[in-house]
Asks: 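Right, I'll just put the structure down here and ask away after.
Computed from a prediction, not measured in an experiment: that's the story for all the values here. In the text below, chain A, chain B and the rest are named by the order of the sequence lines, each starting its count at 1. Note that these values count all heavy atoms, side chains included, but never hydrogens, waters or copies made by symmetry.
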Amino acid sequence: MIDLLLQESVSKALNSLYNISIEAKDIVLSATKKEFIGDFTLVVFAFVKQAKKSPEQIANEIGKFVKADCEDIEGFNVIKGFLNFEVAQSYWLKFVDINKTKYTFGYQTIREEKPVVVEYSSPNTNKPLHLGHIRNNLLGWSVAEILKANGYAVKKVNLVNDRGIHICKSMLAWQRFGSGETPQSTGMKGDHLVGKYYVLFDKEYKRQIGEMVEKGVDKDIAEKTAPFLLEAQDMLRKWEAKDEKVIELWTMMNGWVYEGFDETYKKLGVDFDKVYHESNTYLLGKELVKEGVEKGVLYQREDKSIWCDLTADGLDEKLLQRADGTSVYMTQDLGTAVLRHKNFNSDKLIYVVGNEQNYHFTVLKLVLKKLGFAWADNLYHLSYGMVELPEGKMKSREGTVVDADDLIDEMIETAKQQTLEHGKTDGFSEEEANKLYHMLALGALKYFMLKVDPSKNMLFNPKESIDFNGNTGPFIQYTHARIRSIIRKAEEGKDIVIEHIRLDTSLELNLKELEIVRNLYAFPMIIDQAGQTNSPALIANYVYDLAKSFNAFYQDIPILKEENESIVAMRVSLAAFVGNTIKTAMNLLGIKVPERM
RNA sequence: GGUCCAGUAGCUCAGUUGGAUAGAGCAACUGCCUUCUAAGCAGUAGGUCGUGGGUUCGAAUCCCGCCUGGAUCACCA
C-alpha cells in the first residue's frame, strides 16, 4: 500500500531532517484535491515551529527526501505549506492489474472473535411497519454488514414488542367486531388485518368517550373509565395470569402479524439471527435490581419502590421498580442487555433505535455501569432521526403514516412505468423484467434512506425518491449495468478474458482515469471508517462519486474502438474493477445491481 | 425551565482527524443521441456555512454566548 510506504518515508524524513519523531501511522496524508497535481498531500504547517524553517522550505526538503527514498513516488510539488506527492503511473496500473476482478472488502481477517450484537427493527405487533421502520431496518441491516466487512462477527437480533395494553386493544376489537375474520378469509396481510382492529378499537373507544361526555361525565374521567378501555385492561390482567383463552387468541393473532412482518422483511432483504419476544423478557432485570439494592448501588424508598440516583451524572433519579413490585421498561432493558451479553458472549451491543430514546440509552448505560458491568462502555446507541414528510410529521391518528408495504409496492409500480417509458426492458422476459423493477424500486428506496447521516432528521419526499436521476440508487445501478455491457462487448468482440490481461505499465492514465483509480484506492479506507462510525451514508456517498466519475469518463472516451490493444485492455480492466467495487459497496447497503437494464 | 441533537445554494443532502478557491443532485437556463445503455455527459447561474465572540499559521469543523427548529425530561413501551 503506497500510502503506508509514504507515511513511513515521511516519518523517516522528519526524523533525519529535523529530528522530529512521529510514528508513521500518525502521519496524516490526505487525497490531493482535484484541481492540484498529485495524489497524496502532506500539510507541513504543523512542523514549522520545530523545524524552524519556512513551510515552503520544509515541504521541499521532505519532498526531495521522500522522492529519493520511496521508489513509487515519481515527483512532488509544493504550494504554500502543501506538499503534493505524485505517485508513479506504473504503480496505479499495477494496482488496477492486481485488483481488476477482485472484491475488495476492507478487512477480510477476523478482527475479533466475540460477536457484535446489533439490535434493530423491534416492531410492535399491533400495527404494520411504516416508513420509520424502513429507515431503522435498512440502517440496522447495513451496519451489521459493514461491521462484518470489517472483520467482526455479527449477530443481528430483533426484539419484538408482543405484549401490553396496545396488543390487547386490537385483540379486543377483533373479538367484538371481527366476526371471525382471518388473513385467509379476507386475503389481507396478517399485520394489516390486526392493525385494522387496532384502529377500530380507537374509534370505538373515542365513540364511548363522546357518549359519556354527552351524558355529563368529565372528559378526563371518561377517558380513564370508558368500558372498552377497562375491558382491555382486564384482558391484560388475564394475559398476565396466563388465561388460556386470552393466550390462545393472542398466539393466533400474533402469528398472523409475524407472517406479515416476514413478508415485509423479505421484501426489504433484512434478516435476523435471533428474535427475542418481550413476552419472554419483560420480567427480566428484577434480579439485577435486587442485587443492585444489596450492593447499595440502588436504593429503596419507603413505599418500596426502587430507584437509581443519577444526579451525580447530571441526570435525575430513575425508577427501576414500582412500589407494587412490578418492573418498568428500563428494568426489562437492563435484563435483556445482560441476557444478550450471556447468550452471545458479546461485549459489544449496538441498538438501532430512534433518537427519541437518547435519554433512555444514556441511563441504561449508566445503570449497567453502576451495576458493575464493564462492557457497558461498549454499548452503543445508533440513534437515528425522524423521517418527516413534506406535509409534516407522520401521525397515525391523522392517517398520515406511510405504510411500508404500500410504499414498496408504489415504488415498484413507478419503477415499472419509468422503465417501460424508456424501453429498457425490451427483449426481457416477464420474469426478468419484474426482477429488474424490484431491484430498481428497492435500490431507490434504500439508497435514499441510507445516504443521509443517520443522526439527522430527514425529509422523505415520495415523488423525489422515485426520481431516477442524480444522486440516487438507480443511477448507480445504471452505471453498473453499463459497465457490464462494456465487458460483455469486449469479450464478444475481442475474445478476451479479463483475468488474463496483463497491463502494460508504461501506459499513461489520463486525469479522469486517475481520479477513478484514486477513488478505488480509497475504498477499503472508506469501509473501515464506516465500520467505526457505523455509517452507511459514507459508503453511499462514496459509491455515488465513483459512479459519477466513471460515467463522465465513459461518456467521451471510446473504449472498444480504441486501436491500441493495451489501451483497450487497460480500460476494460478499469471498468471491471469499478464494476466490482460498485457491487461490493452496494451489497453493504443491501442494494442489488443489475447486469443489464 | 433542565438535558441532548440539529441549522451549509430556492429544495434535498455531502463535506474525512481543523487545511488549499465550501461540493453534489433536484429545480432553472445552454449545448450534446447514424459511435460501447442519453435513467447519460458538458456548461451557466445560484453561498455572510443561523449569529456574535474566542482559540491559531489556518475554522463549516474546536470552545463560549445568543437565535431558530426538533427530541426528551412518566410508577408508558
Asks: Can you find a side chain N or O atom of A:R322 that sits less than 4.0 Å from OP1 or OP2 on B:C76?
Replies: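 For B:C76, OP1 or OP2 has a side-chain N or O of A:R322 closer than 4.0 Å.
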
Asks: Need one value for A:L320: base, sugar-phosphate or nothing, where a base atom within 4.0 Å counts as base even if backbone is also close, heavy atoms only.
Replies: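 If one applies the 4.0 Å heavy-atom cut-off, A:L320 turns out to touch nothing in the nucleic acid.
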
Asks: Across the strands shown, which category fits A:D303 at heavy-atom distances under 4.0 angstrom: base, sugar-phosphate, nothing?
Replies: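 Result for A:D303 = base.
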
Asks: Which of the following nucleotides, B:G70, B:A42, B:U17, is nearest to the side chain of A:V28?
Replies: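 The nucleotide sitting nearest to the side chain is B:U17.
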
Asks: Taking the minimum atom-to-atom distance to the side chain of A:L560, which one of B:A77, B:C36, B:C75 wins?
Replies: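 Out of B:A77, B:C36, B:C75, the nucleotide with an atom closest to A:L560's side chain is B:C36.
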
Asks: Which nucleotide in the list B:A77, B:A20, B:A39 gets nearest to the side chain of A:I79?
Replies: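 Of all the options, the side chain of A:I79 is nearest to B:A20.
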
Asks: Should we say atom NZ of A:K365 is surrounded by more than 12 heavy atoms from elsewhere, each under 6.0 Å from it?
Replies: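 Above 12, so yes.
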
Asks: Does A:K456 place a side-chain N or O at less than 4.0 Å from the phosphate oxygens OP1/OP2 of B:A6?
Replies: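 The answer is no; no side-chain N or O of A:K456 sits under 4.0 Å from OP1 or OP2.
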
Asks: Both distances below 3.5 Å, Watson-Crick or wobble geometry, any strand: find the nucleotide opposite B:A42.
Replies: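 For B:A42, the partner nucleotide comes out as B:U30, under the 3.5 Å rule.
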
Asks: Is a donor-acceptor contact shorter than 3.5 angstrom present between the side chain of A:T419 and the base of B:A39?
Replies: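 Yes, the side chain and the base share a sub-3.5 Å donor-acceptor pair.
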
Asks: Among B:G25, B:A77, B:U72, find the nucleotide with the atom closest to the side chain of A:V328.
Replies: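 In terms of side-chain proximity for A:V328, the closest of B:G25, B:A77, B:U72 is B:A77.
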
Asks: Given the C1' atoms of B:G23 and B:A14, what is the spacing between them in whole Å?
Replies: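 The same atom, C1', in both gives a distance of 7 Å.
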
Asks: Send over the distance from A:K451 NZ to B:G25 C1', rounded to a whole Å.
Replies: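 Distance check: A:K451 NZ to B:G25 C1' gives 7 Å.
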
Asks: In whole angstrom, give the distance that lies between atom CD of A:E595 and atom P of B:C36.
Replies: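 For the pair A:E595 CD and B:C36 P, the rounded distance is 20 Å.
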
Asks: Using the six-membered ring for Trp and the full ring for Phe, Tyr or His, decide whether A:H166 stacks on the six-membered base ring of B:A77 (centres under 5.5 Å, planes under 30°).
Replies: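 Per 5.5 Å and 30° rule: no stacking.
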
Asks: Taking the minimum atom-to-atom distance to the side chain of A:N358, which one of B:C4, B:U21, B:A77 wins?
Replies: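 Out of B:C4, B:U21, B:A77, the nucleotide with an atom closest to A:N358's side chain is B:C4.
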
Asks: Whether the side chain of A:N161 and the base of B:C76 hold a donor-acceptor pair under 3.5 Å is what I'd like checked.
Replies: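 For A:N161, whose side chain was compared with the base of B:C76, there is no donor-acceptor pair (under 3.5 Å).
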
Asks: Spell out yes or no: do the side chain of A:S455 and the base of B:A6 have one donor N/O and one acceptor N/O closer than 3.5 Å?
Replies: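 Per atom types, no contact qualifies.
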
Asks: Please tell me which of A:Y478 and A:G470 maps to the more 5' nucleotide of RNA chain B, matching each residue to the nucleotide holding its nearest heavy atom.
Replies: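 It is A:G470 whose nearest nucleotide is closer to the 5' end.
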
Asks: Find out whether A:F36 and A:T41 are in side-chain contact, i.e. whether some heavy atom of one side chain is under 4.5 Å from a heavy atom of the other.
Replies: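 The answer is no; the side chains never approach within 4.5 Å.
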
Asks: Roughly, in whole Å, what's the span from OH in A:Y554 to P in B:C32?
Replies: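 Whole-Å distance recorded here is 21 Å.
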
Asks: Quickly work out the A:L459 CG to B:C26 C1' distance and round it to whole Å.
Replies: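 Rounded to the whole Å, the gap is 13 Å.
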
Asks: Side-chain N or O of A:K561 less than 4.0 angstrom from OP1 or OP2 on B:U35?
Replies: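 For B:U35, OP1/OP2 do not have a side-chain N/O of A:K561 under 4.0 Å.
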
Asks: Name the residue closer to the 5' end of RNA chain B, choosing between A:K49 and A:P474 according to the nucleotide with the nearest heavy atom.
Replies: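 The residue whose closest nucleotide sits nearer the 5' end is A:P474.
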
Asks: Looking at the base of B:A20, is there any donor atom on it, or on the side chain of A:N84, that sits under 3.5 Å from an acceptor on the other one?
Replies: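 By the distance-only test, yes, there is a pair.
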
Asks: Is there ring stacking between A:F36 and B:A20, where the centres must be under 5.5 angstrom apart and the planes under 30 degrees?
Replies: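 Whether judged by distance or by angle, A:F36 passes, so it stacks on the base of B:A20.
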
Asks: So do A:F40 and A:Q7 actually touch side chain to side chain, heavy atoms under 4.5 Å?
Replies: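 They are not in side-chain contact.
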
Asks: Where the side chain of A:N469 is concerned, which of B:U17, B:C26, B:A20 is the nearest nucleotide?
Replies: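 Nearest nucleotide to the side chain: B:C26.
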
Asks: Give a yes/no on whether any side-chain N or O of A:R482 is located under 4.0 angstrom from OP1 or OP2 of B:A38.
Replies: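 True: A:R482 side-chain N/O within range (under 4.0 Å) of B:A38 OP1/OP2.
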
Asks: Who is the Watson-Crick or G-U wobble partner of B:A71, with both distances under 3.5 Å?
Replies: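 The answer is B:U3, by the H-bond criterion.
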
Asks: Choose from B:U21, B:C41, B:A77 the nucleotide whose nearest atom is closest to any side-chain atom of A:Y329.
Replies: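 Nearest listed nucleotide: B:A77.
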
Asks: Testing A:K435, A:K583, A:R482 for salt bridge (charged side-chain N to carboxylate O under 4.0 Å, His left out) with A:E595, which one passes?
Replies: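 For A:E595, the salt bridge (charged side-chain N to carboxylate O under 4.0 Å, His left out) test succeeds with only one of A:K435, A:K583, A:R482, which is A:K583.
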
Asks: Parallel, tilted or perpendicular: which describes the rings of A:F361 and A:Y351, with under 30° parallel and over 60° perpendicular?
Replies: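 The arrangement is tilted - the two ring planes meet at 30° to 60°.
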
Asks: Angle class for the A:F82/A:F45 ring planes (parallel below 30°, perpendicular above 60°, tilted otherwise)?
Replies: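 Perpendicular: the ring planes of A:F82 and A:F45 meet at over 60°.
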
Asks: Stacking between A:F475 and B:A39, defined as ring centres under 5.5 angstrom apart with planes under 30°, is that present or not?
Replies: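 No; centroid distance or tilt outside limits.
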
Asks: How many Å lie between CD on A:Q529 and C1' on B:U16, as a whole number?
Replies: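 In whole Å, B:U16 C1' and A:Q529 CD are 5 Å from each other.
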
Asks: Verify the ring-centre separation between A:Y478 and A:F475: is it less than 6.0 angstrom?
Replies: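 No; A:Y478 has its ring centre 6.0 Å or more from that of A:F475.
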
Asks: Decide yes or no for A:L442 and A:M411: does some side-chain heavy atom of the first lie under 4.5 Å from some side-chain heavy atom of the second?
Replies: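 No; the side chains remain at least 4.5 Å from each other.
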
Asks: In whole Å, what is the span from the CG atom of A:D316 to the P atom of B:C4?
Replies: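 One finds 13 Å between P of B:C4 and CG of A:D316, rounded.
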
Asks: Which nucleotide in the set B:A20, B:A77, B:C36 lies at the smallest distance from any side-chain heavy atom of A:Q332?
Replies: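 Within the option list, the nearest is B:A77.
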
Asks: For A:F82 and B:G19, is the gap between ring centres under 5.5 Å while the planes differ by less than 30°?
Replies: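 Whether judged by distance or by angle, A:F82 falls short somewhere, so it does not stack on the base of B:G19.
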
Asks: Nearest to the side chain of A:T41, heavy atoms from C-beta on, is which of B:C41, B:A20, B:C57?
Replies: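 Selected nucleotide (nearest to the side chain): B:A20.
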
Asks: Side chain of A:M386, heavy atoms from C-beta onward: which of B:A77, B:G70, B:C4 has the nearest atom to it?
Replies: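 Comparing B:A77, B:G70, B:C4 against the side chain of A:M386, the answer is B:G70.
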
